[in-house]
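So the structure is just underneath, and the comments pick up after that.
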Amino acid sequence: MIDLRILRQDPEKARDAQRRRGAAPELIDEILSADEARRSAIAAFERLRAEQKSLGKQVARATGDDRAGLLERTKVLAVEVKQADTSQAEAETRFQDTMMQLPNLASPEAPAGGEDDYVVLEHVGEPRDFAAEGFEPLDHLELGKRLGAFDVERGAKVSGARFYYLTGVGAMLELALVQMAMERAQEAGFTPMIPPALVKPHAMAGTGFLGQAAADVYHLPDDDFYLVGTSEVPLAAYHSDEILDTSTLPRRYAAFSPCYRKEAGSYGKDTRGIFRVHWFDKVELFTYTTVEDSYAEHERLLQWEKEWLISLQLPFRVIDTAAGDLGMSAVRKFDCEAWIPTQGKFRELTSTSNCTEFQARRLGVRGRSEEGIKPLATLNGTACAITRTIVALLENHQQADGSVSVPKVLQPYLQGREVLTPIA
RNA sequence: GGAGGUGUCGCAUAGUGGCCUAGUGCGCCCGCCUGCUAAGCGGGUUGAGGUUAAUCCCUCUCGCGGGUUCAAAUCCCGCUACCUCCGCCA
């Protein structure tokens with residue numbers, strides 16, 4: 001949700017932001033007319049309600065005929081007040097419904113357009129030249145099989161397509177990555193968290209995942225729970241309906257949680273291996289701060305992600321996501337895409353978004369300062385999405401004999417192993 | 001899952017249909033007093049919305065949502081969270 005005053009004062013700016021996302025600019029006008037209807041309904045209700053209250057007091061004091069006369073009037077009023085209250089509530093709901101459809105206003109700095117209109121900001125590291133090294137790289141699935149790192153056949157047998165078991169060294173690799181990510185995040189000032197992965201509707205809606213993204217979200221209808229697609233959800237809702245003293249900001253959290261995604265509309269895409277799955281574990285970074293400080297914090301999150309990938313010795317590029325690919329909540333998003341040798345492409349490993357006030361308004365996360373009380377900004381960024389990180393590590397660090405070298409920083413978390421060797 | 005109890009302002013509490021415009025204490029903020037501090041004294045102190053140039057003012061907010069009533073913190077129903085007990089369980 002964005003500040004209604006911006007819409008009222010400069011509707012054209014908001015329409016323009018919609019166009020840059022490839023979304024409907026007419027929504028702005030629907031919101032404004034719903035707002036007008038809402039405000040006049042509120043005024044009508046309040047007028048009647050004020051009269052009812054003042055007459056009610058007279059009734060309490062009056063006796064005899066006076067009282068009977070007043071009661072006649074108040075009985076009529078009671079009906080009118082009820083009607084006005086109902087139509088006021090309806091107008092409010094209509095307004096909220098349209099308002100909740102509106103995505104955050106894309107930053108003017110975010111490139112206009114859709115998924116393919118990103119801008120590459122930089123390249124870090126050099127993809128290996130396997131031809132020069134004299135061997136053909138194996139893809140992560142083949143490497144994983146040889147190392148005994150994961151089992152997708154049995155994943156499919158038990159849970160269906162896009163499921164897997166991490167096995168042996170693969171399971172240890174997850175724990176190593178999680179441990180390392182958590183330690184480094186903690187050193188950078190993030191509080192480690194292990195949040196619930198099942199949340200109620202308001203948390204899901206508040207983070208903006210029940211908009212266009214709703215088709216990708218698992219829902220448990222019996223209990224009206226949602227399975228989170230990222231711990232961004234329980235972290236954003238953590239301080240919902242709270243007022244934080246701005247002197248305690250920024251509040252930085254690093255959460256480890258499973259992530260569940262339907263991957264609707266991705267049939268046939270990335271079906272091989274564990275690159276795109278319905279469930280994976282992830283360490284996520286999350287910050288609450290002021291809107292003014294959010295832009296610098298966004299850079300900090302990106303910096304953390306870059307250093308993480310550099311330390312894992314993965315070649316990658318950073319892209320500035322186009323407005324149409326921002327998701328509902330973000331004003332700007334940077335993705336770090338690692339080079340995947342057998343795909344010959346850069347693929348998303350981490351992503352960091354500045355959601356400014358959007359989620360905070362929906363979730364009632366506010367900050368108190370000398371200037372008063374206002375919504376905070378929320379930001380999120382991937383620390384380590386386990387499965388994709390494993391894919392990138394295996395493919396980029398494979399050796400001619402099918403073994404995989406372990407980046408130096410990760411070795412202490414893997415019993416000091418320098419290399420993962422095929423088991424058969 | 002079953003039975004019972006509780007939910008009032010940051011905290012603790014008062015409040016069994018109209019004097020509630022929710023009182024009191026603590027905490028906090030401002031001021032007075034004062035060698036300094038403490039005490040004392042006076043005032044302020046939930047949040048949201050409407051209106052406004054801004055103030056004023058008005059409405060909503062006693063866990064949430066309905067209902068009864070001219071009128072609800074107060075009565076009734078549903079939900080939710082917490083506490084106690086029973087059952088089940090890693």
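Legend: residues meeting side chain to side chain donor-acceptor pair (under 3.5 Å) with A:S311, ordered by chain and number and at least two apart, are A:R184.
For the pair A:R73 CZ and B:U69 P, the interatomic distance rounds to 19 Å; values are reported in whole Å. Computed from coordinates, the A:R5 CZ to B:U51 P distance equals 13 Å when rounded to whole Å. Nucleotide B:G47 holds its P atom 17 Å from the CZ atom of A:R361, rounded to whole Å. The CG atom of A:D224 sits 16 Å away from the C1' atom of B:G65 (whole-angstrom rounding). Note: CG (A:L48) to C1' (B:U59) measures 12 Å, nearest angstrom. A straight line from CG of A:D245 to C1' of B:G47 spans 16 Å, rounded to a whole angstrom. Counting to the nearest Å, the P atom of B:C64 and the NE2 atom of A:H202 are 14 Å from each other. Atom-to-atom, CG of A:L77 to C1' of B:U69 comes out at 14 Å; the value is rounded to the nearest Å.
The gap from the C1' atom of B:U13 to that of B:G27 amounts to 14 Å, rounded to the nearest Å. When the P atom is used for both B:U21 and B:G40, the distance is 32 Å, rounded to whole Å. Taking the C1' atoms as reference points, B:C77 lies 24 Å from B:G18, given to the whole Å. Look at the P atom in both B:U74 and B:C19: the space between them is 14 Å, to the nearest Å. As rounded to the nearest Å, B:C58 and B:G78 have P atoms that lie 38 Å from one another. Taking atom C1' in both B:C9 and B:A48, the straight-line distance is 15 Å, to the nearest Å. Going from the P atom of B:C41 to that of B:U52 covers 44 Å, rounded to whole Å. Spacing of C1' atoms, B:U51 relative to B:U59, comes out at 11 Å, to the nearest Å.
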Legend entry - Protein-to-nucleotide contact annotation, 5' to 3' order, nucleotides 70-81 of chain B [B base; S sugar-phosphate only; - none; under 4.0 Å, heavy atom]: BS----------

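Which of B:U59, B:A48, B:U46 sits closest to the side chain of A:I373 comes down to B:A48. In this structure, the nucleotide among B:C58, B:G50, B:A48 sitting nearest to the side chain of A:I42 is B:G50.
Of the charged side-chain nitrogens involved, none lies within less than 4.0 Å of a carboxylate oxygen, so that A:D16 and A:K13 do not count as a salt-bridged pair. Between A:R366 and A:D241, none of the side-chain N atoms (NZ, or NE/NH1/NH2) sits under 4.0 Å from a carboxylate O, so this pair counts as no salt bridge. Salt bridge A:E36/A:R8: absent, no basic N to carboxylate O contact under 4.0 Å.
Contact check, A:R47 against B:G50: no side-chain N or O comes under 4.0 Å of OP1 or OP2. Under 4.0 angstrom from either OP1 or OP2 of B:G49 there lies no side-chain N or O belonging to A:R38.
Nucleotide B:G17 has no partner under the Watson-Crick or G-U criteria, as no pair reaches both atom distances under 3.5 Å. Summarising the base pairing, B:A3 is matched to B:U84 through a Watson-Crick or G-U wobble pair whose two defining distances lie under 3.5 Å. The pairing partner recorded for B:G78 is B:C64, the criterion being a Watson-Crick or G-U wobble arrangement whose two distances lie under 3.5 angstrom. Nucleotide B:A39 forms no Watson-Crick or G-U wobble pair with any nucleotide shown, as no partner meets the under 3.5 Å limit on both distances. The nucleotide B:C89 finds no pairing partner, because no Watson-Crick or G-U wobble arrangement with both distances shorter than 3.5 Å includes it. Here B:C26 sits opposite B:G10 as a Watson-Crick or G-U wobble pair (both hydrogen-bonding atom distances under 3.5 Å).
Taking a 4.0 Å limit (strictly below) on heavy-atom distances, residues 79-101 of chain A reaches RNA chain B at A:K82.
Residue A:R366 is the one, among A:D35 and A:R366, whose nearest nucleotide of RNA chain B lies closer to the 5' end (criterion: closest heavy atom). Residues A:A43 and A:A50 each lie close to RNA chain B; by heavy-atom proximity, the contact nearer the 5' end of the strand is made by A:A43.
Between A:W279 and A:F163, the two ring planes are parallel [angle under 30°; tilted spans 30° to 60°]. The aromatic rings of A:Y288 and A:Y253 sit perpendicular, their planes meeting at an angle over 60°, well past the 30° parallel limit.
Side-chain contact between A:D281 and A:F256 is present, with at least one heavy-atom pair separated by less than 4.5 Å.
Judged by the 6.0 Å and 45° rule, A:R388 forms a cation-pi pair with A:F275. With A:F95 as the aromatic partner, A:R38 meets the cation-pi criteria of under 6.0 angstrom to the ring centre and within 45 degrees of the ring axis.
A:E307 and A:Q303 share a side-chain donor-acceptor pair at under 3.5 Å. Counted by atom type alone, A:K282 and A:T382 present zero donor-acceptor pairs between their side chains at under 3.5 Å.
At least one donor-acceptor pair under 3.5 Å links the side chain of A:T93 to the backbone N or O of A:A89.
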